[in-house]
There are 2 protein chains.
Amino acid sequence: MEIDREELLRGVANALTSNPGAPTGEIAAAANVSRATLHRVLGGREELVEATYGWMLEQCGRVFDRAGIDHEPVLEAFDRLIEDSYPLAQSLWLLIATPELERVPELLARLEAQDQRLERFFVRGQEEGLFRRDLPPRWLTYSLGSQVMSAWYMVDDGYAGARDVPRLVRAAVLEGVLADAAGSAAETPGSAGAPRPKES
Amino acid sequence: MEIDREELLRGVANALTSNPGAPTGEIAAAANVSRATLHRVLGGREELVEATYGWMLEQCGRVFDRAGIDHEPVLEAFDRLIEDSYPLAQSLWLLIATPELERVPELLARLEAQDQRLERFFVRGQEEGLFRRDLPPRWLTYSLGSQVMSAWYMVDDGYAGARDVPRLVRAAVLEGVLADAAGSAAETPGSAGAPRPKES
DNA sequence: CGATAGTGAGACAGAAATGTCGCAGATGCT
DNA sequence: AGCATCTGCGACATTTCTGTCTCACTATCG
């Protein structure tokens with residue numbers, strides 16, 4: 001039976017994120033293929049990691065597309081984004097564990113493009129008055145990314161279920177951990193056309 | 001000249017965090033020590049990583065102590081905590097890149113103890129009404145930890161200075177990224193003050 | 001000044017991981 | 001059935017990393 005490249009990449013991605021330094025043998029086993037096949041399809045270890053990270057970036061791009069972070073209403077896009085946040089978490093995970101990835105020009109460029117895309121999203125939110133302006137948009141992207149990552153980490157640790165991730169991330173990222181947030185919880189896309197605040 | 005174990009561990013820690021998979025030769029070089037000495041003082045690669053992580057946990061413990069997260073007023077302790085957040089960031093960093101660490105019983109126990117200590121801190125804040133109660137305290141610890149980590153990551157990337165970290169983390173963790181937070185920023189010593197100088 | 005302790009440099013063997021190959025077996029198509 | 005394609009298995013050579021040892025050098029102390 002032929003190997004589904006997508007499925008293979010998924011398996012490799014999981015193996016790599018759960019143990020970034022694993023030898024190719026373990027990676028292959030985790031992906032249910034032989035070491036030979038793994039090598040035939042994705043190349044040597046270095047190429048393999050790069051290919052996997054590239055695939056993750058693709059996934060993130062697709063999530064961004066689906067969420068419509070470029071043009072759709074900011075808050076709604078935000079909710080769709082965190083609804084499907086695993087690819088983002090996974091890519092950050094691998095990136096942290098494998099700094100060499102930043103030394104691959106092509107990947108670095110794509111990563112930087114992704115970051116800027118997300119940053120523009122936050123800038124848009126700031127201009128609309130939804131996001132606070134006293135923090136650099138870059139920091140907002142880091143804040144979101146890191147919390148998405150840790151949310152899935154918590155799931156992995158067994159302290160939460162996958163279904164809780166969007167809610168947890170939404171609350172912590174948007175409103176923070178202080179109690180007095182005073183119902184600042186923004187209306188979510190379900191309710192009727194709630195007026196989106198325009199800056200005055 | 002004799003080797004200062006502390007200094008050596010610092011160097012190794014930096015080398016490991018900036019490249020978790022580095023061979024011992026690189027690590028030694030980064031710490032300005034010969035590979036032989038590194039091995040003499042900290043043992044083989046595995047022991048080396050474990051010793052370093054253990055040292056990081058110690059650092060975190062000390063920071064927690066100094067901040068007084070166990071008994072001091074919650075918000076003040078919080079500020080002192082994020083004022084000296086680098087050890088926490090570094091330990092999380094290494095932990096993510098080296099999941100095998102969790103397989104060392106002693107380290108796992110200490111890690112779990114640290115987590116619970118921080119969790120109790122948040123529980124205390126919740127009971128005081130300072131932190132929101134609709135989020136699991138465990139998640140609050142993950143949220144803080146991840147953002148501390150990403151803040152220093154951002155510094156490393158050159159998008160912020162080390163002195164900005166406390167402010168960025170404080171704002172994002174406590175209040176979130178929404179604009180309307182309505183000045184819920186809790187008053188605290190130093191919250192409005194000028195940024196504190198910090199070593200590079 | 002001599003002795004002691006600690007470090008660095010270099011070398012070397014053993015272990016581990018990687019890249020590669022050939023061959024057998026399974027699957028699917030004609 | 002016959003053929004082409006792809007995979008798994010096992011083996012091998014090569015490279016890389018690690019653990020270890022020896023020896024020379026330096027600093028500190030008695």
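Values reported hereafter were calculated over all heavy atoms of this structure, with side chains retained and with hydrogens, waters and symmetry mates removed. Numbered from 1 within each chain, the chains take letters A, B, ... in sequence-line order.
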*Would you give the length of the straight line joining atom CG of B/Asp70 to atom CZ of B/Arg120, rounded to the nearest 0.5 angstrom?*
6.5 Å
*Quick one: which of B/Thr37, B/Leu9, B/Ile27, B/Val49 gives a side-chain contact (heavy atoms from CB on, under 4.5 Å) with B/Leu42?*
B/Leu9
*asked:* Go nucleotide by nucleotide along DNA chain C from the 5' end; which of B/Asn32 and A/Glu26 gets its closest nucleotide reached first?
replied: B/Asn32
*What is the distance from CG of B/Asp4 to P of C/dT7, rounded to the nearest Å?*
11 Å
*Taking the side chain of B/Ala36 as heavy atoms from C-beta outward, which of C/dT18, D/dG8, D/dC21 is closest to it?*
D/dC21
*Taking the nucleotide of DNA chain C with the closest heavy atom to each, which residue, B/Val33 or A/Gly25, is nearer the 5' end?*
B/Val33
*Could you run down nucleotides 11-16 of chain D 5' to 3' and tag each one B, S or - for protein heavy-atom contact under 4.0 Å?*
B-----
*asked:* When you compare the side chain of A/Pro136 with that of B/Leu168, does any pair of heavy atoms fall below 4.5 Å?
replied: yes
*Out of A/Val169, A/Leu92, A/Leu95, which residue meets the side-chain contact (heavy atoms from CB on, under 4.5 Å) rule with A/Met149?*
A/Leu92
*Is B/Arg45 paired with B/Glu26 through a side-chain N to carboxylate O contact shorter than 4.0 Å?*
no
*So does B/Thr24 get a side-chain nitrogen or oxygen closer than 4.0 Å to the phosphate oxygens (OP1/OP2) of D/dT18?*
yes
_Side chains of A/Asp164 and A/Met154 in contact at under 4.5 Å (non-hydrogen atoms)_ = no
*Rounded to whole angstrom units, what separation is found between the CD1 atom of A/Ile3 and the C1' atom of C/dG28?*
15 Å
_Just the rounded figure in Å: distance from P of C/dG19 to CD1 of A/Ile27._
11 Å
*Assign the ring pair B/Tyr153 / A/Tyr142 to parallel, tilted or perpendicular, where the plane angle (0 to 90°) is split at 30° and 60°.*
tilted
_Which label fits A/Phe131 and A/Phe121: parallel for a plane angle under 30°, tilted from 30 to 60°, or perpendicular past 60°?_
perpendicular
_Sub-4.0 Å heavy-atom contacts from residues 37-49 of chain A onto DNA chain C, ordered by number_ = A/His39, A/Gly44, A/Arg45
*Side-chain contact test, heavy atoms from C-beta onward, threshold under 4.5 Å: evaluate it for B/Thr98 versus B/Leu16 and give yes or no.*
no
*List in numerical order all residues of residues 11-20 of chain A for which some heavy atom is under 4.0 Å away from an atom belonging to DNA chain C.*
none
*To the nearest 0.5 Å, tell me how far A/Gln147 CD sits from A/Arg170 CZ.*
13.5 Å
*Carboxylate-amine/guanidinium proximity below 4.0 Å for B/Arg138 and B/Asp115*: yes
